[in-house]
Amino acid sequence: TKPSLGSPSQRAALHYRPVVAATPSLNVRRLGVRGPLRRACSSGAERKTLAARAAYEGLGHDVDLGKIFVDPDSSFSASAVPVHVMAKGNEAAVAQVAGKLAPLAKECKFKGDLGQTCILPDVDSGGVSSVLFGVDDGSEPLAFGMAPGKLVEGSTYKLGESPEGFDATQAAIAWGLGSYKFNRLKDVEKSTDDASSSTTSLVWPEGVDRDYVMSVVRGMWIARDLINLPANYMGPVELQEACKAIAEANGAPVKVIEGAELEQDFPMVHAVGKASDRPPRLVEIIKPATTGNTERILTLVGKGVVFDTGGLDLKPPSAMLAMKKDMGGAAAILGLASMLMSSQLDARLRVLIPIAENSVGGNAFRPSDVLTSRAKITVEVGNTDAEGRLLLADALAWADEEKPEMVIDMATLTGAHRVALGWDLPGLFTNDDAAYNRIAEFGEQLGDPVWRLPLYKGYESYLKSKVADTSSTGSKPLAGAVTAALFLKKFVRSTIDDRRTWLHVDFAGWTDARPGRPEGGEPQCILALYAYLMERFGS
């Protein structure tokens, strides 16, 4: 069943509940499926259809997105506990805020270190008077994102005193990002109402642009949930239906290309996914410009490999374990698209999500196969575990045909990127110096850093093939992220030749626990991209 879209505030709380492909032994209660789908599974009436299509049902969150912030006029705000934000070493500010309880703050050894908290009691009521929260020197933009995990769960708080220059909007975003949880598969009997009753809330700070904050937080949560869901919950059909849900919530039409049409028009997407019993597809979302402008086009492309075994070049178990996140590019693009579609744009937004599962089978594509791409460039397959670039190449070629002002693709593409930059820094390749410089500035401001990597022309020779127009992989075990980007560059030739903007983001899609970023799926770079794109295309 399709969810009711409701009002803008209700749509702000939309998200995805796990989807289950029914089997004869499926316990739908244990897996948390609810509503009509659960009844159908229980009765067995639609098991065959559900098993084939992994039918999508409902939207939801482990934490109620609509309750992490409360209105200052609500009844909850009256009892909200002040959280005083303290810079490290400012003993005078601590003494002023704590008043008579300053000795207790000293007893707590509160110094204002990053994430340090000190709860000050109300001596009259026996409750909590206020909380001291440290942000060190203030250089971490998402420091306040540590607060939800350190405060008493289920309570309501409000911003108290803060250092000069403290940004309340950024603090609200950090609070929202730090409130995220993904635990639906650990306690599947727990209802959504039970989960939301333990939500730790913040009173909206004065002067904050609530729509902007909710747009950012919602988009980040969308991407995180999609990455965190394992592949048996997030297959090609489920990812397709997630695309539809996001599009429909924002009034955008959706087109799904699959079967014979996909094989003919996007042959490399088909080749990558044909060995799976969950067929490949490509999803297109189009959102017209708010202003009615039809001249400017912004196109986003995200790699949607729902699971990557490596294909016939099979990954070892240790490398395969994290491959549910190999659709992180699609997740990040969908999160970014959600932000953009809820905003005012002076450009037509086009989103392309090529989706496949890279599996092993008798009909799997092979190393040394030569594929004819959508762009009519023949590609010799250097390694079946370098499949993501094949999906992106066909989608980018389609994007390039429309001559957009800007094309952005995102992918968890290479291990070489992580060797160079680690988990936290996305590698950004582009032909537009000004665009990179501005994105990097926003990244520093928002706690979403990026790092530029070169489209070094000297490595183009690594992609030469003796039997095809190009190899999909480099001939040397060096500069793998660069050669992957150079391969993709071949499929945006019109954009490059016309000096329009192409941006390729190679990122990890995963994070250890950091301020505002719980451990798990993480769509690095989209905070910076959203800020830049609103500056460039916002109306």
Side-chain angles (χ1 to χ4, degrees), residues 223 227 300-305 308 319 322-323 325-333 335-336 383 385-393 395-396 406-444 446-460 462-463 472-474 476-492 495-496 501-512 514 517 521-533:
I227 298 171
L300 309 179
V301 182
K303 169 190 166 186
V305 176
D308 181 17
M323 284 299 102
K325 77 176 184 67
D326 212 25
M327 42 66 69
I333 286 295
L336 177 59
N383 189 307
D385 196 20
E387 82 299 329
R389 66 196 68 185
L390 303 180
L391 267 69
L392 289 176
L396 285 171
M406 185 174 190
V407 181
I408 300 173
D409 74 81
M410 297 188 70
T412 52
L413 201 63
T414 67
H417 149 261
R418 294 193 300 278
V419 171
L421 299 180
W423 288 100
D424 299 343
L425 271 180
L428 195 152
F429 298 83
T430 185
N431 63 329
D432 189 332
D433 295 343
Y436 169 74
N437 290 336
R438 197 71 182 114
I439 292 166
E441 289 176 13
F442 280 122
E444 286 298 313
L446 301 173
D448 193 22
V450 300
W451 199 265
R452 190 173 188 178
L453 293 175
L455 289 164
Y456 178 54
K457 189 176 178 65
Y459 291 158
E460 289 179 351
Y462 290 6
L463 293 169
S472 64
T473 57
K476 300 180 186 296
L478 304 167
V482 177
T483 53
L486 290 171
F487 174 79
L488 295 178
K489 182 183 173 185
K490 297 175 183 290
F491 298 88
V492 287
T495 299
I496 299 296
T501 304
W502 170 54
L503 209 70
H504 163 57
V505 183
D506 192 346
F507 71 113
W510 200 262
T511 185
D512 295 328
R514 295 186 292 138
R517 292 183 171 88
E522 185 66 17
Q524 291 104 336
C525 196
I526 68 172
L527 293 177
L529 284 175
Y530 179 50
Y532 170 75
L533 293 175

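If you read the sequence from its start, that first residue is 1, and numbering goes on from there.
For E444, the salt bridge (Lys or Arg N to Asp or Glu O under 4.0 Å) criterion is met by no residue, not counting sequence neighbours. For the ring-ring contact (aromatic ring centres under 6.0 Å, His included) test, no residue two or more places apart in sequence or in another chain qualifies with H417. Residues forming a salt bridge (Lys or Arg N to Asp or Glu O under 4.0 Å) with R389 (at least two apart in sequence, or on another chain): none. Residues that satisfy the side chain to side chain donor-acceptor pair (under 3.5 Å) test with Y532, not counting sequence neighbours, are R536.
Ion pairing of K303 with E387 is present here, as a side-chain N (NZ or NE/NH1/NH2) and a carboxylate O approach within less than 4.0 Å.
Between G388 and V305, the shortest heavy-atom distance links the atoms CA-CG2, 4.5 Å. Closest heavy-atom contact between R418 and T414: NH1-O, 3.7 Å. Here the closest heavy-atom approach between residue P523 and residue F507 is recorded as CA-CE1, 4.1 Å. Residues A386 and T473 share a closest heavy-atom pair of CB-CG2, 3.6 Å.
The CG atom of L529 sits 11.0 Å away from the CG atom of L446 when rounded to the nearest 0.5 Å. Interatomic distance, L533 CG to I526 CD1, rounded to the nearest 0.5 Å: 11.0 Å. Here C525 contributes atom SG and L503 contributes atom CG; the two are 7.0 Å apart, rounded to the nearest 0.5 Å. Taking CE of M410 as the start and CG of L392 as the end, the distance is 11.0 Å to the nearest 0.5 Å. Atoms CD and CH2, on E522 and W423 in that order, are 12.5 Å from each other to the nearest 0.5 Å.
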task = Could you go through the side chain to side chain contact (heavy atoms under 4.5 Å, CB included) check for L336 and Y530 one step at a time?
result = CA-CA 7 Å; L336 177 59; Y530 179 50; 3.8 Å; yes

key: Residue pair D448, R517: steps toward the side chain to side chain contact (heavy atoms under 4.5 Å, CB included) verdict   = CA-CA 11 Å; D448 193 22; R517 292 183 171 88; 3.6 Å; yes

ask   = Going through the checks in order, is the side chain to side chain contact (heavy atoms under 4.5 Å, CB included) test met by I227 and T412?
value = CA-CA 11 Å; I227 298 171; T412 52; over 6 Å; no

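Taking the side chain as every heavy atom from C-beta outward, D424 and P449 never approach each other to under 4.5 Å. Residues V492 and D409 fail the side-chain proximity criterion, which asks for heavy atoms closer than 4.5 Å. Between L453 and D506, every side-chain heavy-atom pair lies at or beyond the 4.5 Å cut-off. A heavy-atom distance below 4.5 Å is not found between the side chains of H504 and L396.
Ring pair Y462/Y459 is parallel by interplanar angle, where below 30° counts as parallel and above 60° as perpendicular.
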Table please: side-chain donor-acceptor pairs of residues 479-491 below 3.5 Å, with sequence neighbours left out.
from: T483; atom 1: OG1; to: A479; atom 2: O; distance (Å): 3.3
from: T483; atom 1: OG1; to: G480; atom 2: O; distance (Å): 3.1

What side-chain donor-acceptor pairs closer than 3.5 Å can you find for residues 425-438, not counting sequence neighbours?
from: T430; atom 1: OG1; to: D432; atom 2: N; distance (Å): 3.1
from: T430; atom 1: OG1; to: W502; atom 2: O; distance (Å): 2.7
from: N431; atom 1: OD1; to: W502; atom 2: N; distance (Å): 2.9
from: N431; atom 1: ND2; to: R500; atom 2: O; distance (Å): 2.7
from: D432; atom 1: OD1; to: A434; atom 2: N; distance (Å): 3.2
from: D432; atom 1: OD1; to: A435; atom 2: N; distance (Å): 3.0
from: D432; atom 1: OD2; to: T501; atom 2: OG1; distance (Å): 2.6
from: D433; atom 1: OD1; to: R452; atom 2: NH1; distance (Å): 2.9
from: D433; atom 1: OD1; to: R452; atom 2: NH2; distance (Å): 2.9
from: Y436; atom 1: OH; to: R452; atom 2: N; distance (Å): 3.2
from: N437; atom 1: ND2; to: D433; atom 2: O; distance (Å): 3.3
from: R438; atom 1: NE; to: E535; atom 2: OE1; distance (Å): 2.9
from: R438; atom 1: NE; to: E535; atom 2: OE2; distance (Å): 3.2
from: R438; atom 1: NH1; to: E441; atom 2: OE1; distance (Å): 2.4
from: R438; atom 1: NH2; to: E535; atom 2: OE2; distance (Å): 2.9

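Between the side chain of Q524 and the main chain of W510, a donor-acceptor pair closer than 3.5 Å is present.
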